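Here is the structure we will look at, set down as structure tokens.
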Amino acid sequence: MKDYYDIIIVGAGPAGSTAARIAAQHGAKVLLLEKDREIGVPVRCGEAVGEKGLKRVLEPRPEWIANRIEAVRLIAPDGTVVKVHHEDIGFILDRKRFDYDLAMMAAQQGVKVVTKAYVYGLLKENDSIAGVKVLHLGKHFQIKAKIVIGADGVESRVGRWAGLKTNLGLKDIETCVQMTVSNIKLERSYCDFYFSAKLAPGGYLWVFPKNEHLANIGLGISGEFAAQKSPLEYLTEFIEQKFPEAAILTTVAGGVPCAQFMEKVVANGLMLIGDAAHQANPMTGGGIIQSIIASDEIAGRVAAEAIQKNDVSESALAAYAKEWDKVNGNSHRRSYRLKEAVYKLTDDDLNRTAATISKKAPDKQTIINIFKTALIQHPKLVPDIIKVFLGSD
Amino acid sequence: MIVIKNDLCDFCGTCVSVCPVDVIELYEARLVIDHEKCTECLKCVKVCPVRALEIQG
Ligand SMILES: Cc1cc2nc3c(=O)[nH]c(=O)nc-3n(C[C@H](O)[C@H](O)[C@H](O)COP(=O)(O)OP(=O)(O)OC[C@H]3O[C@@H](n4cnc5c(N)ncnc54)[C@H](O)[C@@H]3O)c2cc1C
Ligand code: SF4
Ligand code: SF4
């Protein structure tokens, strides 16, 4: 590590590695710092991505893809199954390999990647962020930079140190547990989503197969409900009931920001990307593709251009916030409204919806129709439905 | 005082994301709470996915 870089990125997840690669391609000298000893581990993720989204930003490598998903099944509290037809099929990734390769691709562009490097504070100069304080192998370092990018995930503190309010309210964090489960039998081309207040209040439970005998099975519940019964207790109960023979190979905890669109993601000399900027889809909790799109198409380039123009002020970096709002703002805001509406539905509402929908022709069993049916049966939610489906902001 | 049960903690950072006063430090496999500055609001205790936090005393 040298004592100066143009850009320092905190966190080598998909957001950080991507922004690092793009900024370096645009000529910036970049340092990428990761606190863990190994990039990509532990995998706190269901690893599901849409094919379109992935191909928008990267040429998928065969070694990244563990499984190909043809359809999604939504399972109501009473067990009614709705098979959803969706044009965008998906993949279950091997995220360890994926995150590893993204960091390697950054390194190939000249990014200096350092693991076991824990960032514990920021340097400030003349009202601007001017670098980071790092603990690396027992030694403390102060490294200067013109721009610091916080890509430090759900546990992000970089923004807070710069005065941005990024801590989450209980209703805007999904608290999750996931197990890698083997010794079970599955149809490998289906992803299953269980919606029920009994299984996962204010969230959902997922079964994402990696093959016929191995799956990521996890759930997220709203932070508002975790005090009564923890995600670990919910998931353990489900697996014991549904897959009594299962062998649990890994158990991980995790959190996903499922929050309002964050308007303020820059300050003088500072940018936030990925989960640190609450970019995950608030309805689904999916954040891999959003993190990469924001970093690849916008943040990496804006940062490198700011270095070239020698203007890293908040107003110069605001170009990133503005472009990201254009790319994803409306969709994010709609998803947030949908989340708020869907998680108010009772198990009876969900059962009735599933019964109605499962009688429709297969090509009418779309996500939009499902939520439309669900929400219309609940008169109190009509204003929300109108907002969600007409997109009136 | 908030007590961390090290055997249970998975170092996932969910508690860090909700702490209103930013007093939780998450290293690779070590969690440290600054008890002096903690307001005992219990948000971290409530969201922990595996119940690794507890209020004592
Ligand atoms: C249980 C679970 C299931 C999920 N399933 C899916 C899914 O199926 N599909 C999907 O698209 N998304 C899913 N997500 C969300 C997805 O994992 C995130 O949106 C995505 O990882 C965000 O990428 P990121 O680069 O912003 O952050 P991360 O991938 O979290 O990377 C942040 C990195 O920063 C490092 N870091 C943090 N603080 C510091 C520091 N102070 N110093 C140095 N390094 C630091 C961390 O160690 C970490 O490596 C899931 C999340 C969870 C918890
Ligand atoms: S939320 Fe729980 S498991 Fe996660 S880091 Fe905090 S104490 Fe540990
Ligand atoms: S009790 Fe509140 S203030 Fe104290 S560490 Fe937990 S979240 Fe932070």
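Residue numbering restarts at 1 for every chain, and letters A, B, ... go by the order of the sequence lines. Everything numeric in this text was worked out from a predicted model, so none of it was measured.
Residues A:N167 and B:D22 fail the side-chain proximity criterion, which asks for heavy atoms closer than 4.5 Å.
Nearest heavy atoms, B:Y27 versus A:K35: C-CD, 4.2 Å. A pairwise comparison of heavy atoms in A:C176 and B:P49 identifies O-CB, 3.3 Å as the closest pair. When all heavy atoms of A:R44 and B:D10 are compared, the closest pair comes out as NH1-OD2, 2.6 Å. Summarising the geometry of A:P231 relative to B:C48, their closest heavy-atom pair is CD-O, 4.4 Å, with the distance given to 0.1 Å.
Looking at A:L235, there are no atoms closer than 4.5 Å to chain B (heavy atoms on both sides), in backbone or side chain. Neither the backbone nor the side chain of B:L42 comes within contact range of chain A; no heavy atom of the residue lies under 4.5 Å from a heavy atom of that chain.
Taking A:A253, A:G255, A:G220 one by one and counting their heavy-atom pairs under 4.5 Å with chain B, the maximum is reached by A:A253. With chain B as the partner, the residue from A:A227, A:G223, A:P42 showing the most heavy-atom pairs under 4.5 Å is A:A227. Per-residue counts of heavy-atom pairs under 4.5 Å with chain B were compared for A:L232, A:V154, A:L168; the largest is that of A:L168. For the options B:C9, B:C15, B:C19, B:A52, heavy-atom pairs under 4.5 Å to chain A are most numerous at B:C19. Taking B:K43, B:K46, B:R51 one by one and counting their heavy-atom pairs under 4.5 Å with chain A, the maximum is reached by B:R51. With respect to chain B, the highest number of heavy-atom pairs below 4.5 Å among A:E224, A:Q228, A:R37 belongs to A:R37.
The environment of A:K96 atom NZ is sparse: at most 12 non-hydrogen atoms of other residues, nucleotides or ligands sit within 6.0 angstrom. When the shell of 6.0 Å around CZ of A:F141 is examined, it contains more than 12 heavy atoms from other residues, nucleotides or ligands. At most 12 non-hydrogen atoms from other residues, nucleotides or ligands lie less than 6.0 angstrom from NZ of A:K198.
In terms of the ring-ring contact (aromatic ring centres under 6.0 Å, His included) criterion, B:F11 has no residue partners (sequence neighbours excluded).
A:T175 places a side-chain N or O within donor-acceptor distance of the main-chain N or O of B:V47, the cut-off being under 3.5 Å.
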